[in-house]
There are 2 protein chains.
Amino acid sequence: MQAFVRAPTVAAMILLKTIDPAVPHAGHRAACGACHACDVRTMAVCAALEPDEIGALESIMTARRLAGDETLVEEGEPRRRVYSLTSGMLRLVNGLPDGRRQITGFLMPGDFLGLADDGVYSASAEAVTPSALCSFPVAGMDALAVRFPKLNDRLFAFTRAALRRSRENQMILGRLAPVEKLSTFLLMLSQRAVEHHLPADPVAIPMSRADIADYLGLTIETVSRSFTKLRNQGLIDLPDARLVEIRDRKALEAVAGTLRA
Amino acid sequence: MQAFVRAPTVAAMILLKTIDPAVPHAGHRAACGACHACDVRTMAVCAALEPDEIGALESIMTARRLAGDETLVEEGEPRRRVYSLTSGMLRLVNGLPDGRRQITGFLMPGDFLGLADDGVYSASAEAVTPSALCSFPVAGMDALAVRFPKLNDRLFAFTRAALRRSRENQMILGRLAPVEKLSTFLLMLSQRAVEHHLPADPVAIPMSRADIADYLGLTIETVSRSFTKLRNQGLIDLPDARLVEIRDRKALEAVAGTLRA
DNA sequence: CGAAACGTTGAAGGCTCTCAAGTGGGGTGG
DNA sequence: CCACCCCACTTGAGAGCCTTCAACGTTTCG
């Protein structure tokens, strides 16, 4: 649980290349400076605003950087700020008193944090990899959502998309077998990598086996064995534990249970 | 899967008492007539509007009734209408090609159908019990959401609540043992019964064991055995398969894993 | 009155989890 | 610079639990 920064493995290197190395260290404000040069300006919430309106958003924005495994917000905490992820990856975590945990989602660049929450955060948000975010005070964002209906609409659309994904996850958790779960997960990662203009053939797996297990409702051993099973069947290759090459996508989709009926 | 209408068991009777028997048969239009006399006007989306604004909503509204097990909308179908449930209960169902299914949620009076969807319905909606709904064309509802920001806000708030519930379900599906799942489910039913001013001590279980199984990611046998286990431990009583008396709420909450950390 | 559906219970098997050991990579400290 | 250690991951063996298959009781409805 300590703020341990992974060494740059092959997989991490691929992921890290989206982070501008020229930028100063973590924890600083407004490192990236201008929204109009932002990597995710076309897919994040800010895309709802015209170039001449971005300033209003920028004026209430603060930049924030997180080291790997750093916690951004804690479950149950009053929701005072909302965030837009610009690089890296976050996990949404819910915990049980006895230590069991469930990861309800992974946030990728362009995703918004705080959609589901009302009053208090309903989940903790932790950095999977070093990450950069735009931070907004809730009051300010609410005011802007009133002033710019298009911004509100986009937040609403993001929330609907999150709800669809969450319900898809219910299907995955409730009705798929381990290898089906993992196949679906890998295909999802691959698809989202494409959407985010990241390498999709050797897919980077930024999260640990423990994270995958807590996301899919399995143990780390079962996750590992499922990886091995897919590798032995020739559907994937594992040049590195954090890197997956999809060797037979069709077969992988078939194993995934063809979630899209 | 046929439109089979259950006979009025003890449990069904309790539930049916929220349906006005004076109202004509199913499938008719605007049976309940006036929104200002609606049972759920304080908790449904329409509560966002002032009394003098309700007319605008009412003018695009059509009443709809469903028999038990009747399908309202089908997964993948173009989303042309949205609905507000006024009485009865609906299940949201997602299916896999091989017949496996996952119920992602149950809708109770006041709940809104169509929140997650964008373009096509992402799940089928089927009546668990005979139900009554207000039906709205999507275009008309969208226009009203623009005209009445408060209506839009309420739809947004409903969507956030649905997302929170869906994520809670992810925890239930991924990390709870069968008896924990069932306990959580029963407590949830009891709580929502209170919210909907229905009897909460002997809780009516409108849905079948198969529905519960598909909601909790179990088999009907495991659901049945979990019921028996809770009964043998004295936490609940089962005067009827569709009726649960909570005899030891504290213990039941403890078994539920105390989902609220 | 019989057929069908729902729910419960029993027995056996398979599969995941648990416990445990082993491997490999990378960072740390001598 | 090298050795050691730690952590992540993998793999193995056994147990436990849920699922599967099956039978039975009950209720409902044709």
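To find a chain, count down the sequence lines: A is the first, B the second, and so on, and within it residues start at 1. Worth saying up front: this structure is predicted, and the values here are computed from it rather than measured.
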Side-chain contact, heavy-atom cut-off 4.5 Å: B:Glu253 with B:Ile246? no
Hey, is the side chain of B:Arg209 pairing donor to acceptor with the base of C:dT9 inside 3.5 Å? no
Among B:Leu66, B:Asp111, B:Thr71, find the residue that satisfies the side-chain contact (heavy atoms from CB on, under 4.5 Å) test when tested with B:Leu90. B:Leu66
Under 3.5 Å side-chain donor-acceptor pair for A:Ser166 and B:Gln170: yes
Measure the distance from CG on A:Leu216 to P on C:dT16 and round it to the nearest whole Å. 13 Å
Can you check the B:Arg231 CZ to C:dT8 P distance for me, whole Å? 8 Å
Does one side chain, of B:Arg249 or B:Ser190, offer a donor that lies under 3.5 Å from an acceptor on the other? yes
B:Leu238 CG to D:dG25 C1', in whole Å, measures 16 Å
Using whole Å, what does the distance between atom P of nucleotide D:dC9 and atom CG of A:Asp211 come to? 9 Å
Taking the six-membered ring for Trp and the full ring for Phe, Tyr or His, determine whether the centres of A:Phe112 and A:Tyr83 are under 6.0 Å apart. no
Just to confirm, is there a sub-4.0 Å distance from OP1 or OP2 of C:dC17 to any side-chain nitrogen or oxygen of A:Thr222? yes
Quick one: A:Leu243 CG to D:dA8 C1', roughly how many Å, whole number? 16 Å
For A:Ser208, which contact category applies under a 4.0 Å heavy-atom criterion: base, sugar-phosphate, or nothing? sugar-phosphate
Should the side chain of B:Arg242 and the base of C:dG7 be counted as holding a donor-acceptor pair, with the cut-off at 3.5 Å? no
May I have the distance from B:Arg175 (atom CZ) to D:dC18 (atom P), rounded to whole angstrom? 15 Å
Quick check: any donor-acceptor pair below 3.5 Å linking the side-chain of B:Arg225 to the base of C:dG10? yes
Can you measure A:Lys181 atom NZ to C:dT16 atom P for me and round it to whole angstrom units? 9 Å
Select base, sugar-phosphate, or nothing to describe what A:Ile220 touches, counting heavy atoms under 4.0 Å on all strands. nothing
Of the listed D:dT20, D:dT11, C:dT9, the closest approach to the B:Thr219 side chain comes from D:dT20
Name the closest nucleotide to the B:Ser224 side chain, picking from C:dC17, D:dC9, C:dT9. C:dT9
Starting from C1' on C:dG10, measure out to NZ on B:Lys229 and report it in whole angstrom. 14 Å
Picking from D:dC9, C:dG7, D:dT11, which would you name as closest to the side chain of A:Thr228? D:dT11
Of B:Glu221 and B:Val179, whose closest DNA chain D nucleotide lies nearer the 5' terminus? B:Val179
